[in-house]
Every structure is written in structure tokens, then in C-alpha cells.
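All remarks here apply to the structure that follows.
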Amino acid sequence: MAPSPFHAAIWLPRFALQVVQRAEASGLRGPAAVLDSAPEALTGKGPGCILHVNPLAAQAGVTPGMTPSQGLARCSRLILKHRLPREEERAHQEMLACAEAWTPRYESTQSGLCVLDLSRQREARLQSRECGQRLRAWFSKKALDARIGIAEKPDLACLAARAAEEVFVLDGRAGLDDTWRRLPVQALEPSPDLLNLLRLWGVATVEELAALPREGVAARLGEEGLRLWRLASGQAERLLRLVRPEAVYRRELELEHGLETVEPLLFLLRRLLESLCLRLAEEWLVAASQRLELRFEDGGIHACELRLAEATRDTDQLLRVCQTHLDGLTAPAPIVFISVELCPSRPLAKQEQLFERGLRDARRFADTLARIEAVLGTGRVGKPGLLPSRRVDAFAMADFLQPLPKEEDRPEVMGMPLRRFRPPHEVRVALDEGRPVSFTRQGAVLAIFQARGPWLLSGDWWDRQAWEREVWEIAASDGGLYQLAREGARWMLDGIFG
Amino acid sequence: MHSLASLRKHLRDRFPESHAIPAPAPPPSLTGIPCVDRAGAEAGTLCEIVASGPSSGLGLLLHGLIESREETLRQPVALIDGSDSLEPQGLSHEARDRLLWLRCHEVEQALRVADLLLRDGNLPRVLLDVSSCGKGRLQRIPASSWHRLRLLAESSGAACLVFVSFPLVPGVHWRLTLEATLPPAALEESRESLLSSLPGRVERRRRMPEARQLAG
């Protein structure tokens, strides 16, 4: 049987101001306010409005929403501070870490607010006030003032936190507390228009709103009004939008003594990979790729993304890929830092198609490809993907293990294919009335029996890399059919048809 | 009699490979290219295609084998391009999608890559094009290198076709020589009709090794 719901909300009132106060070494003594702008935003925009004020500033008549000059007009000693986004983020992360320590089920829909699902914490249910005090004490150590609200439902817990001086427990069995009922209706965070309307009706507290008939509220105030009414009457129910921290499968190792050979490096890599694979196994995940980073004693860094043919969490397979990569690597200095990160993915659960003939051993094949790439160099292994250009060699090598992206339909190619000379052979050409009649190649003169063309090609005219070519197809006296091209004053043999 | 039967059974259990019933050799794959189909492109063999003239259709044959419209050949294919001469613009998207193009700088690299690929045994067809490489460098390749490639092809079950400009590889399963030089009119014909009429002569056929037949 599922336990009845039980939630605690942590609220850090005037969150931005608290963060600024914490960041100030001497604290903010005297009336102070935080502007709704960060220092770096000053150049583009104005200084913004006042976001939060401390009690001294509030006593002096400064309220949120005022402009800085309005605030200073009411209190000349007012200290104005900008928000500190990085410090706010740090404080928020601290709050999430606190929530994580209590339960994995928690939500945080805005900065400075966190709702914990404590339904399964028997101790928290029995000693809810003590638990609230412990939560407050944790934040006090971090120089933050937290208000804790505890209730059955998450929205009620949020409202309780806003109503709390320190810890406010709303016991549903004993009926809603009077303190809570006397809360101003603003605590429900209505929109400004709706708030004005409620004021006109004379509805000032939560209790007064809850006393209105449900149907009437729905008919006159619409969906938002009904939501607020449910909140006010304690009937709002919803599921938490749980925070799922992104798991990072990375292990790092700093070494006191630099590694100079590959064997101890592989030994350490195996250790790191084993622990990462165990973590993956706990989550029923596999590694789709791995990222290896090595730092050298001379400050150099080698980082690379190693592909895997098939996602796996087999340490030996992952280590073999690393070893193959390291075989082709020359370290400039001893290695002092190792970092391995596995990119997790779900294991493939589908069956291969009946007529789909894949590789016999994809992992071994990926290893072989890495070895071949070490022999030939990068960019010389893969499948050719065409680029949208008529320039010579307009293609890019793509990963063989990935399918080529869809391309535009091309017309069927006629005739014999061209076998390119890379680089093209430069030749001297004799012309007769603008048509090539012979060419000299490696000292030998070859007559041209037949020449088709010229085809004039050009491209990238809008760019510095603009190009222009005059292409001929020729039959030479050695029996070969060649493609001859002129670029400016230079003639070259692009290749031979055959 | 009883003891003879038990001895036979013992020997069969002890040396199962020697007593295996020889499986019939797999039928050669049909490529749709008449001159190659006449020779028979069998798995686990090393074959040679020789272009005697400069434009005798060797590139056409290479493209035809990569494109291979036949259902039985729609598998990944590796092209070890000894002189980096392939023009990918002439290949269809489907053909490029299953082509592993290995762009080598020199012959030695091409042989090393062929060795690695055949050892790997994942790809059923390996095309080794060294036809544009220098004759001197090709002649310096020791026969043992080709012998090793042949054994690797046999053990991995891959069909390895070597494209050369003169007869070079010893002990090949068959050698197809393209003797005719194609006329300039061939530049305007469709590739299908060019391939169907491409003349070629099968020079030599070598028997399958005994061990392979026994192992099945």
C-alpha cells in the first residue's frame, strides 16, 4: 500500500538579497535593496527595478517594484546592489544538494524554492517539526535563512513555507491552521489583474477566497480562479516535477609521478573503465562512445572522442579501443592526468531486420578501422558524402559506421568513370584555333585525335575562393581518353576515363 | 568388426575436421557484369583483373562492382584505393553508403590495409586497386605478400579482387584481362550497356585448396 503523501517545502525568502548579503564580506548593514539586474546587464539596459528589500529598507518605505531613484528618494541611506547570478546558482545548487540528501524525489520550480516528497520518510512524518528545524539549521550553517513548510500536498507545503516564520506544519487531520487561513491572498501568487479583481470584491485572505462557491469562482474567474480556489481550500493535488540530476560517467585521476609508458597507463585506464562500467550496469545503460583526456607534464593536453561500433559496457572492448588509439599517439611529455568519460545510452532492444546484413563483428571492425586510420591518416577512411558544389573533389569523408545523410537526387551518370589524378598532372598543350591538338606529358608529346568541349564550369563567384575551369574530353594517341582542364593559363590532366 | 567401428568412431570424435563431410563450394555470386560472372566471383578467393590498355574499362568494372545492383552483392564493400583515384561523383548514393573507401598514398600502405581488412574478415568483398601505381614499385612487392593475402582471403571467406595494369599477382584463382581499349564514343553510352558488352578474357583458373574443401 502506498504511503499517504507528505511534503516539505524549503523557501528562501528574498533569495537574491540573501545571496548578496552572503557574498558581501561585511554583510549589508543598514537599509538595502537588490535590483533586478546583473552588473553586466548595465551596459545594455537600465539599472532595473528593486527586486527585494531588507526589513530596514521596508520600514523606510521602500518596496519592491520601485525604481532606484524612487527608493533613494524615500531612503537616502539605501544601499543598492545588483543581483549575483553565479552566487544565486551556487546557492540554488546547495539547496538541491540538501534536498538530494533527504530524498531523491524533489522538485524545484524556481530559484530559492524546493519541495521534497517525504512520504516514505517515517521519521519525518512522526517528527515533522524537528525535521523542519534540522533543515533550517542546515541552511543557517550556509548563512541562508530558510522557511520550512510541511503539509500533505506539495502546493500546501509551498504555501505553508511562505506563511512560516521558521517552520510551519499544516496537519491535514486537524484541519487547516488559522495562521494559514489568515494568509493574504497574494500568497497564492495570482496574476495582477485577478488580484485587483479580488481586491474589488473585498477578498483579502485565503480563508475568504475559500469561502466563495466553487461554481461561481469557476464561472467568473475562469481556470486561474479555480486553481487559486483549490489551493485556498486545500484541494489542489498534483504530482511533483522531479529534478533528475544528469548523471556524468566520468572518472579522473591525477598522478603524482608522470607515466612514461603505455602499460601503466592501460592498467589505470582499465581501473577507471571498470568502475564506470559498473555504474552503467547499475543503471542498465551502455556506453555509446568514450572521451579520453590526457594531460602532460609540459602542460599539453590530448583529448579525443573514441567511437564505438556498438554500444557496450564491456571493459575489455572499451579498453581495446583506447589501446588502439594510444598505439598511434606520441606523448610529448609524461602523463600526469587521466580523464575518461563514457557517453551513456540505452541498450539496443530491437531485432535486426530479416534482410539487413550487417557486420559479423562490429566491435572488431571498429577496432580495425581505427588501426587503418592510424596507417592512412585522418580523413582518408570512410564513405564519401558529396557536397553541393561542382568544384573538383567536392566531397567529404563520413564515418563508415553511420549512414550517409540524404542527398539531392542526381541524374544518372553516363559513360566511363573518371579515374582522377590527385594531384592533377600539369601538361603543356598546343592549340589550333582554340582547340587542343597535342599535349606534352613527362617529356612525351601525345597527339589529340578527338576533343570534345569545352565545358565551362565556375562557382563560388561571390567568394574569395571563386573558381573557373574549362574542361575538355580528349582521345590521345596512346589510346587513352583523358579529361583535360584549363584554369587560367595552366593546363592539367584531371584524370583518365576507363 | 565391432572394434573397427569403435576405432572409426574414436577417430571421428578425435579429428572431426578430417571426417567432416565436404560441403559443396558456395556458388559464385552474380555481379550482373558478364565478363566477371563468366569467371565466377567466389567467396574466399584472390582474383586479379588486368587492364592492358589505358582506357580499357577497368574503372568501369570497379564502379560496376561497387554499384552491384544484384541483390546478393548489396553488402558493404571496401575499396583500397592505391593511388587515391576514385571519383565519387560517379557513384550513386546507395553505393557510396555501403562503400568503405580507403585512400592510400602508396602501394605499401595499400597492402598493409588489405592485410588488416582481410584479417578482420567483416567485409565480404575487398577491391584492391593498384592499377595506377608505378610499375617498378609493384614489381618490388614480394610474392610472399600476395600469398599471405590469398591465405587471408581463404580463411576469412572474403572475395578479394586486385586491379592491376599488368599481370602481377601469383597464384590467383582467376585472372581477367581487359584487352580492348574503349573508343571515345563510350563516353556517351550508358554504363549498363558498356558493362554488358565489356570484353574480357579469363586467363587462368586455379583449383580451390584441398584443406578448404575438407573444412567446408
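Computed from heavy atoms alone, side chains included, the values below leave out hydrogens, waters and symmetry copies. Each chain gets a letter, A, B and so on, in the order its sequence line appears, and its residues count up from 1.
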inquiry  = Quick check on L62(B) against chain A: is it the side chain, the backbone, both or neither that has a heavy atom closer than 4.5 Å?
reply    = side chain
note = Honestly, the part of L86(B) sitting under 4.5 Å from a heavy atom of chain A is backbone
Contacting moiety of F421(A), where chain B heavy atoms sit under 4.5 Å = neither
query = Under a 4.5 Å heavy-atom cut-off, does chain B meet the side chain of A398(A), its backbone, both or neither?
reply = neither
message = Out of E473(A), K406(A), R452(A), return the one with the most heavy atom pairs under 4.5 angstrom to chain B.
response = R452(A)
query = With a 4.5 angstrom heavy-atom cut-off, which part of R96(B) approaches chain A: side chain, backbone, both or neither?
reply = both
message = Report which part of P423(A) has an atom under 4.5 Å of a heavy atom belonging to chain B: side chain, backbone, both, or neither.
response = neither
message = At a 4.5 Å cut-off on heavy atoms, which part of L369(A) comes close to chain B: side chain, backbone, both, or neither?
response = side chain
message = Tell me whether the NZ or CZ atom of R103(B) lies within the 45° cone about the ring axis of W101(B) and under 6.0 Å from its centre.
response = yes
Contact origin within T181(B) toward chain A - heavy atom pairs under 4.5 Å = side chain
request  = Indicate whether the side chain of R380(A) and that of H105(B) have a donor and an acceptor atom separated by less than 3.5 Å.
outcome  = yes
request  = Would you please say whether a donor-acceptor pair under 3.5 Å links the side chains of R419(A) and S131(B)?
outcome  = yes
query = Side chain, backbone, both or neither: which part of E188(B) has an atom under 4.5 Å from a heavy atom of chain A?
reply = both
